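Have a look at the structure below, then the notes.
By convention in this document, chain letters (A, B, ...) are assigned in the order of the sequence lines, proteins followed by strands, and residues within each chain are numbered from 1. Quick caveat, the model's predicted, so the values are computed rather than measured.
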Protein chains: 2
Amino acid sequence: MGRRRPGTPTLEEVAARAGVGRGTVSRVINNAAGVKESTRRTVQRAIEELGYVPNLAARSLAGRRADAVALVMTEPDWRQFAEPFFSEIVSSLGDALSDTGMQLMLTLVRSDAERQRFLEYARGGRVDGVLLMSVHAGDPLPDMLAEARLPTVLLGRRSGDEYVSYVDVDNVGGARSAVSHLLERGRRAIATITGPADMYVTQCRLRGYQEALALAGLEGEQTLVAEGDFTTESGRRAMAALLRRHPEIDGVLAASDTTAAGALETLHSAGRRVPEDVAVIGFDDFPLAQRTTPRLTTVRQPIEAMGRAMVRLLLEEMEEGAVAWRHVILRTELMVREST
Amino acid sequence: MGRRRPGTPTLEEVAARAGVGRGTVSRVINNAAGVKESTRRTVQRAIEELGYVPNLAARSLAGRRADAVALVMTEPDWRQFAEPFFSEIVSSLGDALSDTGMQLMLTLVRSDAERQRFLEYARGGRVDGVLLMSVHAGDPLPDMLAEARLPTVLLGRRSGDEYVSYVDVDNVGGARSAVSHLLERGRRAIATITGPADMYVTQCRLRGYQEALALAGLEGEQTLVAEGDFTTESGRRAMAALLRRHPEIDGVLAASDTTAAGALETLHSAGRRVPEDVAVIGFDDFPLAQRTTPRLTTVRQPIEAMGRAMVRLLLEEMEEGAVAWRHVILRTELMVREST
DNA sequence: ATGAAAGCGCTAACAT
DNA sequence: ATGTTAGCGCTTTCAT
């Protein structure tokens, strides 16, 4: 195939035009020290006049770096994509990366074939590191990347003994404090709508939920637990099922912002008043959902900090050549807004 | 910075191990014809044993192609991201590209700085072509890419005389047939919730809406038009405003699936029955929304075909070196499901 | 401070 | 059918 872009000036032509060596031009475009101010300007003018743009393939080859990192979504059905959580994370990663001069590229891995393709792409040196979102328990991609010694950082972990570098939040603690909060306010029939059962984050939050109940001397009933998948629709469905089984429910811990929104809709339709009859706590509470269905209490995840931490870990791994894994667990915070 | 991955075997080492020349190895990894089956296997064994992976930077440099295309979102506030339409398009692009062996990478351009960064990235040869989604009227990125002679295909156009290659649908016709359909069923007070006013797609659909009314001898009132931004929330808000101004509304044309969903929610809350009191038609109707709020009639966009067409145009431009622009306008289809 | 030169790992054209 | 060779455009010593 004849994919090519002819007529692109090279560094050599710039050097010729500026009457300097190629090394000097290289130093100029990389802002390296040790170039006389006057020559720097001469070179810069030549660059402008020729409309020179560095060839990144050549730079990669010579410099052995890609100046790009991939953010991979392995979500098999990626309705997750639509989560405000997801876009907030992407935003914060973009911000954190913008200082480093690296490009962030999103990649979707929906099948084994795509997983393989991405692996070749990454091992081929097109990215310097990989960030992974929403990893499910059995996902082999982190291991494949680790084996290839590619700097890799997960958002969340696949299990309690995850080794690959990750940034996670204290999900057990977050869930526990949310449920404890409800119990202190006198709620007794507290249900929970979880995320996908094969995600560690789900298990952690469930444990927090159960621990809080146990602390209060209550024993969690299996029928007060409904599985969702972080979407609004799953929140609606799960809430409806819970109400059918337990009309007496007076508190709910939801897996996410959007799940909580779905649950609230169903509660409203069923004529329940919120929070008078039923209090709902979810993880995070984004502006859009707030406008629709304001809640008073949420478990807040420090999304900005999560993005920054992921980038920091990745840079550290890149720096030293992926010889060690690092783990960061950030605190969640129970956020209570006073009703107005 | 010490970003590097040492110990990666090269093609040369593979050649040595297999006892062949580098050319032969190159032919094998590229599945080129003209290699004896026995040597091919010898080489393949050497590749396996060494765990060889081609260096893509070197390949790019020598072959002058990146084997990757970027899908760029320029949406300044990218709640669009959450649209099923968006994920469907990405899916169809992924499918269409998977045959070509090219990587699809999503890129977000949220600011001028990011626009510039992406431009350097693309001009630097990291992608062979660029796909652009949801371009607003004044977006300069398509022109910048065109000037750099980068194969580029837009989804939708910035105006009626767009020149850069694009794939669009017949928005005027789609909107017109939807409104005509409503008129034929006896509706008279038909409102519309549009997309952002600075998008050509919005103007086209509005024109279709007005044309249908004019054909029926009605004159469209300005107050029957409300601006949204494709989101569910904007659908709710706009519908509420419309109902306030025109309680007699008996038909609505919505900008999208999600906008329609929002409008339907508001209608339900207001005690209106759908479609007995008010009929709602939107562009597209995705499974998720269907479950929540089934509608009977939609304007269907051929999303699969749109993705395929975009990839085809891009490949053609790449083939010939971006010497011509191509435009494709796909038909929309009014889809009437019989109520059950 | 700057120029010259040696690669980086691959593809493709040219030999054989 | 396969080996050889000349780049691709840049970064990075090493001289000067």
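Among the candidates B:Leu132, B:Leu97, B:Val153, B:Val69, the single residue satisfying the side-chain contact (heavy atoms from CB on, under 4.5 Å) test with B:Met310 is B:Val153.
Checked against side-chain hydrogen bond (donor to acceptor under 3.5 Å, both in side chains), B:Ser111 has no partners two or more places apart in sequence or in another chain. By the side-chain hydrogen bond (donor to acceptor under 3.5 Å, both in side chains) test, B:Gln103 is found to be paired with no residue, residues two or more places apart in sequence or in another chain being considered. Judged as a salt bridge (charged side-chain N to carboxylate O under 4.0 Å, His left out), and not counting sequence neighbours, A:Arg117 has no contacts. Annotation: ring-ring contact (aromatic ring centres under 6.0 Å, His included) contacts of B:Tyr166 (sequence neighbours excluded): B:His327. Partners of B:Arg312 under the salt bridge (charged side-chain N to carboxylate O under 4.0 Å, His left out) rule, at least two apart in sequence or in another chain, are B:Glu316. For B:Asp198, there are no salt bridge (charged side-chain N to carboxylate O under 4.0 Å, His left out) partners, not counting sequence neighbours.
Within the nucleic acid shown, B:Thr39 comes within 4.0 Å of sugar-phosphate atoms alone, with no base atom in reach, counting heavy atoms only.
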Pairs under 3.5 angstrom only: tabulate donor-acceptor contacts from the side chains of residues 31-45 of chain B to other protein residues two or more places apart or in another chain.
| from | atom 1 | to | atom 2 | distance (Å) |
| --- | --- | --- | --- | --- |
| B:Thr39 | OG1 | B:Lys36 | O | 2.8 |
| B:Arg40 | NH2 | B:Ala32 | O | 3.0 |
| B:Thr42 | OG1 | B:Ser38 | O | 2.9 |

Side-chain donor-acceptor pairs under 3.5 Å in residues 9-19 of chain B, sequence neighbours left out?
| from | atom 1 | to | atom 2 | distance (Å) |
| --- | --- | --- | --- | --- |
| B:Thr10 | OG1 | B:Glu12 | N | 3.2 |
| B:Thr10 | OG1 | B:Glu13 | N | 3.3 |
| B:Glu12 | OE1 | B:Arg22 | NH1 | 3.3 |
| B:Glu13 | OE2 | B:Thr10 | N | 3.1 |
| B:Arg17 | NE | B:Glu49 | OE1 | 2.9 |
| B:Arg17 | NH2 | B:Glu49 | OE1 | 3.0 |

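Listed by residue number, there are no residues of residues 41-51 of chain A with a heavy-atom contact under 4.0 Å to DNA chain D.
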Classify every nucleotide of nucleotides 6-15 of chain D by which part a protein heavy atom approaches to under 4.0 Å, writing B for the base, S for the sugar-phosphate alone and - for neither, in 5'-to-3' order. BBBBBBBB--
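The list of salt bridge (charged side-chain N to carboxylate O under 4.0 Å, His left out) pairs with a residue in residues 96-109 of chain A, not counting sequence neighbours, is empty.
Reading DNA chain C from its 5' end, the first and the last nucleotide to sit under 4.0 Å from a heavy atom of chain A are C:dA1 to C:dG9.
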